[in-house]
Amino acid sequence: RRASLGGRMCRALVSALALTLLLATTSDGASSVGCRDLGFTETLVCSKCSRLEEMVKDEQLAKECRGCCSEDVDDAAASVKAASAVLEVCT
């Protein structure tokens with residue numbers, strides 16, 4: 001039972017990180033529809049993909065993320081963070 005709870009917590013963490021990544025833009029080569037199907041939005045910045053890879057150690061997910069992200073911009077608008085998010089975990 002405890003292992004099952006750990007697995008759910010891990011999936012919840014991955015889902016939460018994916019939601020965080022929903023602050024991104026599509027880059028060249030990746031269609032916005034394909035990226036949306038993967039769970040990424042147009043506001044994704046590439047620094048979030050690096051952080052995702054550090055946290056979940058999934059090279060394929062990081063590669064897909066980088067295919068959908070845009071380079072970070074160094075201005076005040078780039079530091080805007082979402083006020084909240086909704087996490088839905090399907091079992």
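- Put simply, CD on E59 and CZ on R66 are 9.5 Å apart, with the number rounded to the nearest 0.5 Å.
- Residues passing the side-chain hydrogen bond (donor to acceptor under 3.5 Å, both in side chains) test with Q60, sequence neighbours excluded: E64.
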Original post:
side-chain contact (heavy atoms from CB on, under 4.5 Å) between V45 and E71: does it pass, once the steps are laid out?
Top reply: CA-CA 6 Å; V45 290; E71 292 301 317; over 6 Å; no

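- C49 has its SG atom 2.5 Å or further from the SG atom of C69.
- Taking both residues in full, the closest heavy atoms of K57 and E54 are given as NZ-O, 2.8 Å, listed atom of the first, atom of the second, then distance.
- A heavy-atom distance below 4.5 Å is not found between the side chains of E53 and D58.
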